[in-house]
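Chain letters run A, B, ... following the sequence lines, proteins first, then strands; residues in each count from 1.
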Amino acid sequence: MAEYSKEEIRKIEDKWRQRWIDKKVYKTEIDAAKPKYYVLDMFPYPSGAGLHVGHPLGYIASDIVARFKRIKGFNVLHPMGFDAFGLPAEQYAIEHGIDPAISTEQNIQNFKRQLGKIGFCYDWDREVQTCKPEYYKWTQWIFLQIFESWYNRKKQKAERIELLIKIFESEGNISYEFPNTKFRIQGSGKDSFTASDWKSFDEKVKREILMQYRLAYLAYADVNWCEALGTVLANDEVINGVSYRGGFPVVKRQMRQWSLRITEYADRLLTGLDEIDFSDSMKEIQRNWIGKSVGAKIDFQVKSEKAVVKSMTVFTTRPDTIFGVDFMVVAPEHEMVKEITSTAQHTDVDKYLKYVESRSEIERMAEVKKITGCFTGAYAVNPFNQREIPIWISEYVLAGYGTGAIMGVPCGDERDHKFAKHFNLPITNIIGKFYDGTEANPTYDAILENSDFLNGLIMKEGGKVVIKKLEEKGIGTRQVNYKMRDAGWSRQRYWGEPFPVVFRDDTPYAMEEKDLPLTLPHSDNFKPSGSGEGPLANLKEWININKNERRDSNTMPTHAGAAWYFLRYMDPHNTKAFADSKNLDYWGQVDVYIGGSEHAVAHLLYARLWVKILHDLGYLNFDEPFKKLINQGKITAFSYFIHCHTEKRLFVSDEDYLDFIEAHMQKIENEEPSVNADTSIIEYFLRYEINDPVEFKSIKVPSEFVVNEKLGNKQGFLNFYGGTYNDCEFLVPKSERGFTLESFVEKMSKSKYNVVSPDEIVEVYGADTFRIYEMFLGPLEQSKPWSTSGIDGSFKFLRRFWNLFHDPTGNFKVTDAEPSREELKVLHKTLKKVESDIEHYSFNTSVSEFMICSNELTSLKCNKRAVLEPLVIALSPFAPHMTEELWEKLGHTDTILNAKFQPFDESYLKENAFNYPISINGKVRAQMNFALDMPKEDIEKLVLASEIVLKWTEGKAPKKVIVVQGRIVNVVL
RNA sequence: GCGGAUGUGGCGUAAUUGGCAGCCGCGCCAGACUUAGGAUCUGGUGCCGAAAGGCGUGGGGGUUCGAGUCCCUUCAUCCGCACCA
């Protein structure tokens with residue numbers, strides 16, 4: 001009748017999925033009476049390939065948490081949406097001429113269809129799609145808030161730009177220097193102005209000055225220009241000098257770009273990490289990316305022929321080593337290089353600059369160990385002892401970090417030391433025996449020598465002393481530097497949010513809120529202009545509003561939509577605000593955020609930044625978006641290959657192939673095979689006149705033809721290659737255990753023929769088995785290759801659980817009989833373990849516990865309601881369909897989602913006796929049962945008197961007896 | 001080079017945080033049943049050994065009555081950053 005068969009599963013799962021939709025069981029509303037819980041998945045980019053089995057891993061985990069929290073009495077927000085703007089849809093459009101809006105919509109429908117089959121408890125009424133005008137209206141609106149604000153360093157928070165204007169009107173910028181210290185006011189050429197200066201500036205100059213302070217600003221900046229993609233890439237989209245997509249070369253180029261002044265938030269992004277629960281590695285990646293270093297900025301006087309340049313500034317983290325400076329190095333791109341180069345060095349410097357220019361980014365990165373450089377002929381003067389120090393240029397100093405100039409301290413810095421040795425520069429030792437003459441020592445513990453007023457001081461203390469002296473002399477100060485750059489926010493792309501600004505006289509003005517959204521115009525030409533402007537520049541009537549007004553041809557990066565989507569879920573249909581405060585205050589921070597670690601820097605930093613800005617501007621009462629982050633491991637895939645001898649037209653199994661290699665290697669090494677080598681395999685292949693394993697080629701076998709690591713569908717495989725191999729013979733494997741294939745782990749990808757879609761698994765086993773199996777694979781955060789071997793175990797478990805409620809003929813049979821103490825113990829043990837495991841995101845062990853429980857109840861033949869009902873509830877987060885069906889069969893009319901998770905009762909778990917392992921010298925030799933409250937002394941006596949212990953002690957008194965109550969007894973001889 | 005993580009049966013993994021190493025599942029072995037299925041059920045299964053017993057958590061050393069767990073050292077693999085002064 002009602003066996004847990006594949007047909008029955010399909011019926012049950014379809015039935016409940018439909019009913020959940022009809023009854024809107026996942027609809028979420030604010031409920032002040034309940035504590036809230038916000039469970040968030042990183043929303044997917046809807047790619048054309050659809051979901052593969054890796055995607056749902058995190059979604060299943062978060063779904064379990066959401067359902068669990070719900071039956072624990074929380075009001076749970078668990079939404080889903082789509083990160084729908086992005087490059088692939090646009091590239092697809094360029095190749096196939098299909099509007100990204102259409103292909104994206106199709107992909108989203110496909111994703112939703114696939115997600116719908118797995119039984120997730122998303123409230124789809126709250127779905128967001130970042131490419132929808134209703135949504136990106138608010139992305140643009142938030143962008144404008146950022147544009148209309150500046151960072152008040154004194155208060156360490158963002159404020160409205162109007163406040164800054166007020167300050168300028170009353171005192172100029174005396175107390176608020178330009179964030180970009182190189183900026184000079186047009187006309188005056190100065191970097192500061194007074195209140196009356198401000199009033200005298202015209203509109204354009206005022207706007208330009210304000211632009212220097214805005215948190216979203218437009219500026220010429222070195223950007224990563226990728227010729228092949230015809231666009232600018234963010235730093236995190238460039239890997240080893242090539243684009244992360246396609247691997248095309250990337251060069252530096254100056255462009256007028258929008259940027260977010262994230263560097264102002266560097267410190268808060270850093271300290272904020274202390275109050276959120278991210279993994280150590282994730283925090284470390286962010287810290288690394290922010291790259292804070294504390295040190296000093298020091299001015300050195302410069303002596304050069306032309307004497308145009310009076311001084312240079314270096315950044316150092318080690319001002320304490322000031323007397324160990326033997327040379328200066330500036331970046332080849334440094335602006336003063338031309339001015340300070342002496343006539344004698346002119347040719348050499350020119351030659352060197354040409355060489356540096358000729359080197360691509362990739363070469364520079366690949367050859368970081370290569371030491372190059374050139375003397376400029378100029379000198380810097382050590383401000384404390386007037387020593388003249390030669391100024392060099394070298395590519396190991398980066399123009400973009402610090403001041404683009406360093407002081408070389410060869411005894412303390414490894415790179416400086418190598419440089420000095422390479423160019424035969426003298427090395428001053430200021431750390432005595434800590435420097436051995438062959439290797440730099442970056443210690444902080446040395447007592448300084450040869451260091452004038454620092455002599456005798458420990459290095460750790462020296463820095464402060466030096467900074468104080470520098471400040472007295474007015475030639476230096478404490479300085480903090482960050483590796484992190486401001487975030488480039490413009491993309492020369494079509495498929496993204498247009499910037500809600502209007503240019504008048506080349507100056508951007510914010511659009512008014514009532515005119516938002518600035519919708520993305522329809523286009524048939526998605527190709528970038530290639531000159532640096534995006535495809536929107538092709539739409540002349542859109543770009544040029546009128547003679548004096550122009551729009552921005554760039555769009556925002558995908559990060560924009562993703563930087564705040566978790567806020568929109570709280571109030572997704574609001575047309576008056578990005579979300580109202582009632583919703584924002586109720587749902588607050590995301591309690592747990594589950595997603596991949598690949599978003600460690602970009603997405604998570606931008607989301608944190610936007611929340612901090614919105615917090616500063618008074619829209620949010622929290623300033624970190626995610627309380628806890630969990631990174632699910634990647635699911636990789638096995639790719640399979642078959643060994644083929646294309647000339648002899650033979651296929652051979654991996655097993656035989658490996659034996660052949662082994663025998664072959666032994667033959668080469670020993671002239672003749674060793675005694676235990678299997679020589680028959682060589683003879684076997686000799687029959688086909690095959691002498692060497694290298695004659696075989698590996699041919700890809702798409703994973704759909706593979707069953708349990710073996711070739712499962714021979715004909716399918718042959719058809720896949722269109723009959724090319726139909727004449728090939730399959731050598732019968734020696735073990736006769738099936739045709740094993742060569743396999744290794746790769747990323748799951750359409751092009752690698754190794755993608756496994758959840759659809760096929762759900763089709764065969766049902767969603768519940770799929771969910772259980774993915775969780776049972778191992779710890780959530782661990783990466784693992786996908787393999788279906790073993791999924792039967794999960795299926796069998798569910799069937800066994802189902803069978804507890806049914807008699808052998810499949811009739812529902814649950815009794816109201818009193819459960820035995822033993823049965824109750826099984827129940828409460830399971831409830832206890834499962835609850836704590838879910839709280840710790842240890843889903844594999846909770847599945848394991850359910851298996852143990854159902855095994856035990858099966859052998860107890862337990863079919864009692866009092867035991868089974870709480871278990872159905874407990875299992876419902878993992879297997880929602882089956883448990884909902886059982887719940888109904890148990891006579892309930894409401895959904896199991898509204899049931900209550902039964903807390904375990906410790907009293908059922910209490911034992912009064914314990915089976916002590918008795919170990920002798922740490923080795924367990926026996927078991928003895930004693931009452932748990934039996935005093936140690938009594939246990940000791942009984943143990944020592946026991947036959948087994950007497951056998952080992954041989955009558956001698958033991959040295960020591962350790963009795964740990966409720967744990968173990970150890971007798972030391 | 002720096003930083004983070006991980007090493008346990010044939011495989012995926014577990015071990016109440018210092019207390020019986022190998023739970024649960026796959027696979028494998030044996031048996032039962034049978035409508036012969038890639039089904040189901042029962043039992044077994046770390047390695048060596050006939051057994052007694054011995055050996056076992058990447059290797060070496062240490063602390064401890066007791067170490068997969070703590071400390072030192074070393075090796076391997078994966079991930080992130082990488083001339084950041």
Side-chain angles (χ1 to χ4, degrees), chain A residues 239-240 279-289 291-293 295 314-318 321 329 331 364-365 367-371 394-398 400-409 412-416 418-419 442 481-484 597-598 600-601 631 633-634 636 707-709 712 737-738 745 772-773 776-779 781-785 787-794 796-797 799 832-833 836 842 844-855 915-927 958-964 966-973:
Chain A
I239 294 153
N240 293 330
S279 70
D280 287 345
S281 77
M282 197 58 42
K283 286 186 177 183
E284 215 40 50
I285 290 169
Q286 294 211 355
R287 284 195 193 104
N288 248 318
W289 184 262
K292 179 178 182 171
S293 49
V314 302
F315 171 70
T316 179
T317 53
R318 299 298 302 270
T321 62
V329 190
R364 244 178 113 156
M365 286 187 183
E367 303 170 30
V368 288
K369 295 265 153 63
K370 197 167 158 186
I371 299 160
S394 172
E395 55 182 344
Y396 86 87
V397 174
L398 307 174
Y401 183 76
T403 61
I406 63 148
M407 52 184 225
V409 183
D413 184 279
E414 196 197 328
R415 291 153 308 171
D416 296 347
K418 283 189 178 142
F419 193 80
N481 261 331
Y482 300 95
K483 276 196 253 181
M484 182 169 66
S597 56
E598 65 272 20
V601 281
N631 298 114
K634 274 193 201 65
T636 47
V707 175
N708 291 335
E709 271 92 75
R737 286 237 180 94
V745 172
I772 296 269
Y773 182 58
F776 189 59
L777 278 174
E781 308 202 25
Q782 204 164 293
S783 289
K784 49 226 150 192
S787 152
T788 41
S789 69
I791 194 165
D792 276 334
S794 301
K796 280 188 219 163
F797 153 67
R799 191 175 50 199
K832 180 180 180 179
K833 173 94 170 119
S836 115
S842 178
N844 55 328
T845 52
S846 31
V847 172
S848 165
E849 187 61 31
F850 276 120
M851 288 174 170
I852 295 168
C853 167
S854 83
N855 289 348
N915 212 17
Y916 282 87
I918 312 299
S919 61
I920 291 158
N921 284 338
K923 294 249 177 264
V924 177
R925 300 292 178 187
Q927 304 273 334
K959 274 195 197 128
K960 205 172 184 182
V961 179
I962 285 136
V963 179
V964 185
R967 281 278 157 85
I968 199 164
V969 179
N970 193 12
V971 180
V972 186
L973 299 180

Student: What class does the angle between the rings of A/Phe850 and A/Phe797 fall in, given that below 30° is parallel, 30 to 60° is tilted and above 60° is perpendicular?
Tutor: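 Judged by the thresholds at 30° and 60°, the geometry between A/Phe850 and A/Phe797 is tilted.
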Student: At less than 4.0 Å, is any side-chain N or O atom of A/Ser293 found next to OP1 or OP2 of B/rA85? Yes or no.
Tutor: yes
Student: For the P atoms, the ones on B/rU74 and on B/rA30, what distance do you get once it is rounded to whole angstrom?
Tutor: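 B/rU74 and B/rA30 have their P atoms separated by 49 Å.
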Student: Counting only side-chain N and O atoms of A/Asn631, is one of them less than 4.0 Å from OP1 or OP2 of B/rC79?
Tutor: no
Student: Roughly how far apart, to the nearest Å, are B/rA21 and B/rU57 at atom C1'?
Tutor: 8 Å
Student: Need to verify one output field. Residue with the more 5' nearest nucleotide on RNA chain B, A/Ser842 or A/Ser848?
Tutor: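 Its nearest nucleotide lies further toward 5', so the answer is A/Ser842.
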Student: Using the C1' atom as the reference point in each nucleotide, state the distance between B/rA85 and B/rG4 in Å, no decimals.
Tutor: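 So the two C1' atoms sit 24 Å from each other.
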Student: Before you tell me yes or no, could you show the steps for A/Arg287 and A/Glu284 under side chain to side chain contact (heavy atoms under 4.5 Å, CB included), namely the whole-Å CA-CA distance, both residues' side-chain angles and the distance that decides it to 0.1 Å?
Tutor: CA-CA 5 Å; A/Arg287 284 195 193 104; A/Glu284 215 40 50; 3.0 Å; yes
Student: Look at the side-chain N and O atoms of A/Tyr916 and state whether any lies under 4.0 Å from the OP1 or OP2 oxygen of B/rC20.
Tutor: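 No, no such contact exists.
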Student: Give a yes or no on whether a donor-acceptor pair under 3.5 Å exists between the nucleobase atoms of B/rC83, that is its base, and the side chain of A/Glu395.
Tutor: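 Between B/rC83 and A/Glu395, which were checked side chain against base, a qualifying N/O pair under 3.5 Å is absent.
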Student: OP1 or OP2 of B/rA85 sitting under 4.0 Å from any side-chain N/O of A/Asn481?
Tutor: no
Student: Write out a two-atom table: protein N or O, nucleotide N or O from nucleotides 62-68 of chain B, distance below 3.5 Å.
Tutor:
from: B/rC65; atom 1: OP1; to: A/Lys960; atom 2: NZ; distance (Å): 3.4
from: B/rC65; atom 1: O2'; to: A/Asn970; atom 2: ND2; distance (Å): 3.1
from: B/rC65; atom 1: O2; to: A/Asn970; atom 2: ND2; distance (Å): 2.7

Student: Kindly write out the residues that satisfy salt bridge (charged side-chain N to carboxylate O under 4.0 Å, His left out) with A/Lys483, not counting sequence neighbours, or none if the list is empty.
Tutor: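 Expected list: none.
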Student: If you measure from the C1' atom in B/rA76 to the same atom in B/rC24, how many Å do you get, rounded?
Tutor: 29 Å
Student: State whether A/Arg967 places a side-chain N or O below 4.0 Å from either non-bridging phosphate oxygen (OP1 or OP2) of B/rG18.
Tutor: no
Student: Taking only the side-chain heavy atoms of A/Lys796 (C-beta and beyond), determine which of B/rC20, B/rC26, B/rG54 contains the nearest atom.
Tutor: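 Nearest to the side-chain atoms of A/Lys796, counting from C-beta on, is B/rC26.
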Student: Taking only residues two or more places apart in sequence, or in another chain, which ones meet A/Lys796 in a side-chain contact (heavy atoms from CB on, under 4.5 Å)?
Tutor: A/Asp792, A/Arg799, A/Arg800
Student: Which value, in whole Å, describes the distance between the C1' atoms of nucleotides B/rU69 and B/rG62?
Tutor: 15 Å
Student: Quick one: on RNA chain B, does A/Gly778 or A/Met851 contact a more 5' nucleotide (nearest heavy atom)?
Tutor: A/Gly778
Student: Considering only the C1' atoms, how many Å lie between B/rA51 and B/rG61, rounded to the nearest integer?
Tutor: 35 Å
Student: For residues A/Asn970 and A/Ser919, is any side-chain donor paired with an opposing acceptor at under 3.5 Å?
Tutor: yes
Student: Write down the distance separating the P atoms in B/rG25 and B/rG58, rounded off to the nearest Å.
Tutor: 25 Å
Student: Taking the C1' atom in each of B/rC2 and B/rG56, what is the distance between them to the nearest angstrom?
Tutor: 36 Å
Student: Would you name the heavy atoms of A/Asp416 and A/Met407 that are closest together and state the gap between them?
Tutor: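 Heavy atoms only, the tightest pair is OD2-O, 3.7 Å.
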Student: Nearest of B/rA5, B/rA15, B/rG3 to any side-chain atom of A/Glu284?
Tutor: B/rG3
